[in-house]
Asks: 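Dropping a structure here in structure tokens format, bear with me for questions.
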Amino acid sequence: MLAYIVRRVLYAIPILIGVNLLTFTLFFVVNTPDDMARMQLGIKRVTPEAIVKWKAERGYDKPLVYNERSQGVRALTDTIFFEKSVRLFAFDFGRSDNGDDISWQIRNRMVPSLALALPVFVLGLYVTVSLALFQVLFRGTWLDVWGVILCVAMMSISSLFYIIGGQFVVSKLWRLVPISGYGEGIDVVRFLLLPVVVGVIGNIGANTRWYRTIFLEEIGRDYVRTARAKGLAETAVLFRHVLRNALIPILTGAVVVIPLLFMGSLIAESFFGIPGLGSYTIDAINAQDFAIVRAMVFLGSVLYIVGLILTDISYTLVDPRIRFE
Amino acid sequence: MMPVVLWTDALIGLLLAGSVALAWAGRRNRLMRDAWRRVAESRPGMAAAVVLACFVVIGLADSIHYRPRLDAPGAGVGVPAAEVVSLLDRLVAGLRSRGEKTYSAPFATHLYAKETLEGPGGRQFRDTPRLRYGGSHLKRPGARAADVVFRAVEGVAAGFALWLLLAAAVVRRLARAQACSPSAAWWRIWSGQTAVAWNAVLAAAGVVLLVAFPVAFLSGQYHVLGTDKVGQDVLLAALKSIRTALVIGTLTTLVMLPFAVVLGILAGYLGGWIDDLIQYLYTTLNSIPGVLLIAASVLMMQVLIDTHPQWFQSAAERADARLLALCAILGVTSWTGLCRLLRGETLKLRELEYVEAARAFGVPTPRILARHVLPNLMHLVMIAMVMDFSGLVLAEAVLSYVGIGVDPNTYSFGTMINAARLELSREPVVWWSLAAAFVFMFALVLSANLVADAVRDAFDPRLVGRARRRLPAG
Amino acid sequence: MDRSLLEVTGLSTVIDTPAGALRAVDELSFSVEAGTTFALLGESGCGKSMTALSLLRLLPEAARISAGRVALEGEDLLALTEAEMREVRGGRIAMIFQEPSTSLNPVLTVYTQIAEVLDRHAGLRGRQARQKAAELLAAVGLGDAERRLGEFPFQLSGGMKQRVMTAIALAGEPRLLIADEPTTALDVTIQAQVLDLLAALQAGRGMAILLITHDLGVVARLAHRVGVMYAGELVETAPRDAFYKAPRHPYSRGLFEALPRPRMRGVPLATIRGTVPSLTAAFEGCRFAPRCDFALERCKVERPGWHPADDGQLVRCHLYAAGMTPARSRARPARGEAVLSREAHAPLLEVDGLRVHFPIRRGLLKRTVGHVRAVDGVSLAIPAGRTLALVGESGCGKTTAGKAILRLIRPTAGRVRFDDNALDGLEGGALKRARAGMQMIFQDPYASLNPRLPVGEIIAEGIEAAGDRAARERTGELLSAVGLDAGMTERYPHEFSGGQRQRIAIARALAVTPRLLICDEPTSALDVSVQAQILNLLRDLQERMRLSYLFITHNIAVVEYLAHEVAVMYLGRIVEAGSADEVLAAPAHPYTQALLSAVLRPDPAGMGRAIEVRGEIPSPAHPPEGCHFHPRCPKATEACRLRYPGETRLSPTHVVHCHLFGE
């Protein structure tokens, strides 16, 4: 068990190295720092001097992977690759292209991101699993049929429309909550209420349908027939037998995204003006601030891998077949 | 007229030719035919297919590009224009040319916002000026309602006539095929006794015709869906967005398919270090959150395109290159799911006895892969392709909204929403652009989802197996 | 006469299918007396499982009961509300299912699954429930009950799972136990244990059992009365002994005659021609008439009623109508035992010390910490034109051995010589040429044919692989050689029945004109009457083409019928080998003796008590020290615990590995 987890953690290292090399190639080889400087400065202001200055200010004036002018280890460390990519392994994200401390930003923005993402995740899971169970309990009736139709219709609507529609109706027409913004203390609830509800509703269609399929697959199994032959009521069969087994794929599918909740939601945060990591990323993309995007890619990969490891652990917790191997 | 073949046009043509070739090659394959017959039986599936087909036709018309010749004064022959237009542009030339100054509501005769106008006596006053084109044929604006109703009725009548023609053709074919009277065929269709769900097809065709014709009739004189900030007809923007959505939805899968299929099968069948390598590759790609990888790639692509303007001859080509690059990026970041699925499935197939039997015969590995493994995976590829379509269309909207999607000058639902969303905070609200994008996208994605469901149900052998297993032994 | 415990009258169950309504159970009437066992006997698809599910009203969603009355102690179950029915299920009627590995909930402990019933039907909770559950486990013969209660199903072996299923069924103190193929998924030695358990439980509790099975041996062991089902209806009911003495209905007789038996060697088995009719069709006459050798004109047009025969038998057959003389068994070509030439053949296949070890990798670096010794030193030889049966229970390594001989699995060690060519170390083309005369026929006819290729191409694959390009025409010829229509080459596998698919698989193997066929349980997925057809075909092909067979099986009856030589495998090694007569008539190894004694004979009289074999087959990853069989062996001595016994030659052909026969 422990050896298994240690092996998974070790396996993460080559993956992170791969991610690192990939991002390095993408950001520094496909386009050279000169290209980026030209892009950032804009066509009008591009002069050779301006480019040199721009690169020097941001530390992009070093060689990519090997510095011929330095001695010994410095030949490898005094390079863009070491300064901008290898340092990420120590979670040293450096400064963004416009000069602020990325690590500081991440620390400060994680909380608002989590304040939105966590309730959406927990409530969403609860609501969709309940709805799917409800449909399955009434399977074959018109409730189920219309439930499925509603799910397909709901999953055919872009998440953008859920947000725009929610803001328009709830905030603008009914004036129940502010359209966007973020506050301190208990005030936060006022700002988060709408984004959370919208986030939950936006995921109902696809997830309910997916969970319903899992439940139905489980219901066709032999042990369910055994449970019915014991004289158990349909609800007992569903909650004690089917739910326990179906939760294995559902929970483990959900666990992998838990660490990524820290990253927040790009769209919702920028629409609702929540100062989280999602809106930070969006702003960086719009400002073409590659340093931030690079940091986010690395952070996201780390969190995803943590999610994978958590998934493995959660498997061993919920599935006795794996726990006792 | 000088034909212009953009990269995406060529790939769409390739996709179309490939589908036709596959259908031709597979027409003798009874298993394929049976599966498609099951699709044809599905009523929601067929109704959705009709709607989807309309979108596809519009998209295809928008994929035939050319440079019109300008009749330059003095020159004997026309000079090719710099601007590249499509067949669709020509068909809706009226919509293109009748631009207004700025916002106007659907069916409006006046602009939406008040402006300072100069009266006959030089007196200045604030009012909403008359539109240049919208309802300009009306002598007096008060006659608008009657005119709209009249034209709509005309459209409905024309649509209904065409529908009757269509229904008659279907009835005639069916009557001939089943050797029964037309009235009997008519009865069979509507009581659902036909192998192909003709009732759903005809009903959907009826709805489409009865909506499209009045809109077409009205759009000659009015802006049916209003105009946007720069006075462009919203209906035109919506129609032009269809091609972008279709390109993203289909070409992305086309781009990723070779990776996913080849790598998935090789990893699953050969195992060993090849499997380890391929697994490492897709786990690594998968571990970067999709949006961020796409964002990073698109940003880099943007820099690349912006720093190499000499690569492109026209704005259309540049926008097209960016669209194609977006497909490629979406494809490269999304092949991992299908690859993992195919690898797992190949692992199972490899252990199956018919594959072992082929090995016992000494059939070479490439031949085993081609005859025994790939054909038993094709339904998964097929299902993945149709299931991914709607997801990709939705993703495009989000990405374009964020600014890492298509070129801002390319028509797409994402750019439409992006441009329109700030208008919601205006007083009074400008709602029609968003509504148009919503209706078109919803219709497209919903019909794609329904078709995908029908295809999955028809091709997924597990469902067939389940139906068989439902009869307990004994 | 007392009222029967269960009385079923005119029960009909219909399944809605795309092809129309399928009458799975059609006007079925029978009764089960308290304390006795009634066996519903029939081949797959005859509606016997649907009958069981109908009694409990547990039918799948597409099925419904269309008519009839099911009276339990006089109360009509079909008239009960769903809530009242739940009182009956698991309470007055309990059920055990065929597949113990899927019928238990994988994520709940044994205790939870038993306690559910105790809570529901006996109102027991807490300590009382725990105590009762432990008692139940002890009653079904599971030792160390306290520990077992906390375990999950995957920690138990197949036989133990079926015991747990039985304990769950007993928890509600049922008056009637429905057992649906309770031992079909189990190994021979375990099968005997479970049947003995059911018999003992019935005697102790006076419970009635409705036994559902296709196995005449199981019926002979457990039943008091028998009902034979065919195509959804009962065709014969009889007391057990009368039934085994003289089955009356032509179908029942066909079942008996299709069974391979030792005295039938060298003689073709009787088969029932044709296939079971589709139950979606409407029947006019007798359902069996198209396949019946004694069918009269009347059988085709008039549905037969029940007619009494002697010994309390009832037969649904016109032959027994008043005034008719019941036909005797049909004449069979009287051929004696074919004289098997005993001259010394040069072996066609020679295997020496074959080993297949799969590494077990554990720990941080996936180091190899041990090996699963699936095949651990197997040696055998097959002369041309002869059949060697490799016999053993599941997990003994017999299939792995077969695949390793063909090099579908790479052997760890050992030599294979085929037709005077050594196969060891050969690769690619050389290997392909050297083993060209060997082919394999697999167990599952549903998995051994590619569903996406038409039959013609499936067969042509072998011919083409052998380099014969112009031989597509031969596919038709091969199809007729295995008794199929030569014009079927365009059809797909799913259009064929299991038996027909197995014929196609044989045709495919024959395409390369092999000299040796490795048959891996080729009939275990088939019904008795179809099995007879395939065995006849294999025997016929052997005579015509002088084929050799390596016949891998657990079915002793088939071995007795077909094999010239027998090798018995246990945990990766051959424990006894010799000519069929020697091994089957005078088994020397205690394991062989136990295996043979556990075989269920279709004869209530000739059934001795099985030799008790304790426990389960150990894992081949950790075979016991010394003789692998010693922990289960009734005759084990100190020597058996210490070292593996060497080879003892009992006759020129008969060898055994057992200390009892040592020096």
Side-chain angles (χ1 to χ4, degrees), chain A residues 11-12 14-19 21-23 26-27 30-31 34-36 38-39 43 148-149 152-153 155-161 163-165 167-168 172 179 206 217 220 225 260 263 266-267 270-271 281-282 284-286 288 290 293-294 296-305 307-308, chain B residues 44 280-281 283-293 295-304 306-308 390-391 393-398 401-404 413-414 417-418 420-421 424-425 427 429 431 434 437-438 441-450 452-453 462 466 469-470 472:
Chain A
Y11 185 57
I15 291 180
L16 280 179
I17 293 175
V19 169
L21 287 176
L22 189 75
T23 40
L26 206 56
F27 282 95
V30 175
N31 292 293
D34 286 42
D35 291 331
M36 277 188 286
R38 256 181 238 121
M39 173 89 182
I43 306 198
V148 172
I149 293 173
V152 177
M155 64 189 272
S156 302
I157 297 174
S158 170
S159 55
L160 297 174
F161 287 117
I163 299 176
I164 295 171
Q167 282 187 327
F168 184 72
K172 196 166 155 111
I179 283 191
E217 190 141 311
R225 194 179 55 186
L260 284 172
M263 302 281 290
L266 296 187
I267 310 294
S270 76
F271 262 108
T281 313
I282 292 265
I285 290 171
N286 286 331
Q288 306 201 328
F290 300 119
V293 177
R294 225 162 42 223
M296 287 319 203
V297 166
F298 188 78
L299 184 64
S301 312
V302 171
L303 292 175
Y304 177 80
I305 289 166
L308 283 185
Chain B
Y280 169 72
L281 200 64
T283 315
T284 303
L285 269 179
N286 218 22
S287 70
I288 305 175
V291 184
L292 285 172
L293 184 57
S297 311
V298 170
L299 284 181
M300 284 306 128
M301 173 197 69
Q302 234 162 315
V303 176
L304 202 64
D306 286 352
T307 49
H308 297 90
S390 46
V393 173
L394 293 176
E396 185 277 328
V398 170
Y401 168 76
V402 176
I404 50 177
F413 294 124
I417 298 169
N418 194 10
R421 75 167 188 114
L424 271 192
S425 50
E427 282 300 338
V429 177
W431 50 269
L434 274 175
F438 173 78
M441 251 182 105
F442 183 63
L444 177 62
V445 175
L446 182 62
S447 55
N449 273 331
L450 291 175
D453 279 4
R462 273 192 313 169
R466 204 176 295 154
R469 229 173 294 138
R470 199 180 286 157

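Protein chains get the first letters and strands the later ones, always in sequence-line order, with residue 1 at the start of each.
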Asks: What part of M155(A) gets within 4.5 angstrom of chain B, counting heavy atoms only: side chain, backbone, both, or neither?
Replies: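 Both the backbone and the side chain of M155(A) come within 4.5 Å of chain B.
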
Asks: Please give me the minimum heavy-atom distance between L260(A) and P289(B), naming the atom from each residue.
Replies: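 Shortest heavy-atom separation between L260(A) and P289(B) comes out as CD2-CG, 4.1 Å.
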
Asks: Distance check, rounded to the nearest 0.5 Å: I305(A) atom CD1 versus T284(B) atom OG1?
Replies: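 It is 7.5 Å, given to the nearest 0.5 Å.
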
Asks: Looking at chain A, which one of M441(B), M301(B), Q302(B), M300(B) has the largest number of heavy-atom pairs inside 4.5 Å, strictly under?
Replies: M300(B)

Asks: Is I417(B) close to chain A through its backbone or its side chain, or both, or neither, when contacts mean heavy atoms under 4.5 Å?
Replies: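 Contact with chain A is through the side chain of I417(B) alone.
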
Asks: For S158(A), is it the side chain, the backbone, both, or neither that has a heavy atom closer than 4.5 Å to a heavy atom of chain B?
Replies: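 Backbone plus side chain of S158(A), per the 4.5 Å heavy-atom cut-off to chain B.
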
Asks: Can you say whether V393(B) sits under 4.5 Å from chain A via the side chain, the backbone, both, or neither, judging by heavy atoms?
Replies: neither

Asks: Return the option, out of A295(B), G403(B), A296(B), A397(B), with the maximum number of heavy-atom pairs under 4.5 Å with chain A.
Replies: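 Of A295(B), G403(B), A296(B), A397(B), A296(B) has the most heavy-atom pairs under 4.5 Å with chain A.
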
Asks: Name all residues meeting the ring-ring contact (aromatic ring centres under 6.0 Å, His included) criterion together with F438(B); count only those two or more places apart in sequence or in a different chain, and write none if there are none.
Replies: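 Partners of F438(B) by the ring-ring contact (aromatic ring centres under 6.0 Å, His included) criterion, ordered by chain and then number, come out as F161(A), F442(B).
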
Asks: Donor-acceptor check, side chain of Y401(B) to backbone of I267(A), threshold 3.5 angstrom: yes or no?
Replies: no

Asks: For the pair S297(B) and L26(A), evaluate side chain to side chain contact (heavy atoms under 4.5 Å, CB included) and give the outcome as yes or no after the intermediate values.
Replies: CA-CA 7 Å; S297(B) 311; L26(A) 206 56; 3.9 Å; yes

Asks: Let me know if A395(B) has heavy atoms under 4.5 Å from chain A in its side chain, its backbone, both or neither.
Replies: neither

Asks: Go through V445(B), L450(B), L444(B) and name the one with the most non-hydrogen pairs under 4.5 angstrom from chain A.
Replies: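 Winner by heavy-atom pair count: V445(B).
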
Asks: Checking L285(B) against L22(A) for the side chain to side chain contact (heavy atoms under 4.5 Å, CB included) test, could you report, in this order, the C-alpha distance in whole Å, the side-chain angles of both residues, the deciding distance, and whether it holds?
Replies: CA-CA 9 Å; L285(B) 269 179; L22(A) 189 75; 3.9 Å; yes

Asks: With rounding to the nearest 0.5 Å, note down the distance linking CD1 in I282(A) to CD1 in I404(B).
Replies: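 Reported value, rounded in 0.5 Å steps: 7.0 Å.
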
Asks: With a 4.5 angstrom heavy-atom cut-off, could you sort out which part of D453(B) is near chain A: side chain, backbone, both or neither?
Replies: side chain

Asks: Could you tell me which portion of L160(A) (side chain, backbone, both or neither) has an atom closer than 4.5 angstrom to a non-hydrogen atom of chain B?
Replies: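 The answer is the side chain of L160(A).
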
Asks: Answer with side chain, backbone, both or neither: which region of I285(A) has an atom nearer than 4.5 Å to a non-hydrogen atom of chain B?
Replies: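 For I285(A), backbone and side chain are both near chain B.
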
Asks: Report the distance from atom CG of L299(A) to atom CD1 of I288(B), rounding to the nearest 0.5 Å.
Replies: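 The distance works out to 12.5 Å.
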
Asks: Do F168(A) and L434(B) make a side-chain contact, defined as non-hydrogen atoms from C-beta onward lying under 4.5 Å apart?
Replies: no

Asks: Between D35(A) and chain B, with a heavy-atom cut-off of 4.5 Å, which part of the residue counts as in contact: side chain, backbone, both or neither?
Replies: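 For D35(A), backbone and side chain are both near chain B.
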
Asks: List for me each residue that meets side chain to side chain contact (heavy atoms under 4.5 Å, CB included) alongside T23(A), sequence neighbours excluded, and say none if there are none.
Replies: F27(A), V297(A)

Asks: To the nearest 0.5 Å, what is the distance between OG on S301(A) and CG on L292(B)?
Replies: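 Result: 8.0 Å between the selected atoms.
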
Asks: Check the pair V303(B), F290(A) against side chain to side chain contact (heavy atoms under 4.5 Å, CB included), reporting the backbone distance first and the verdict last.
Replies: CA-CA 11 Å; V303(B) 176; F290(A) 300 119; 3.9 Å; yes

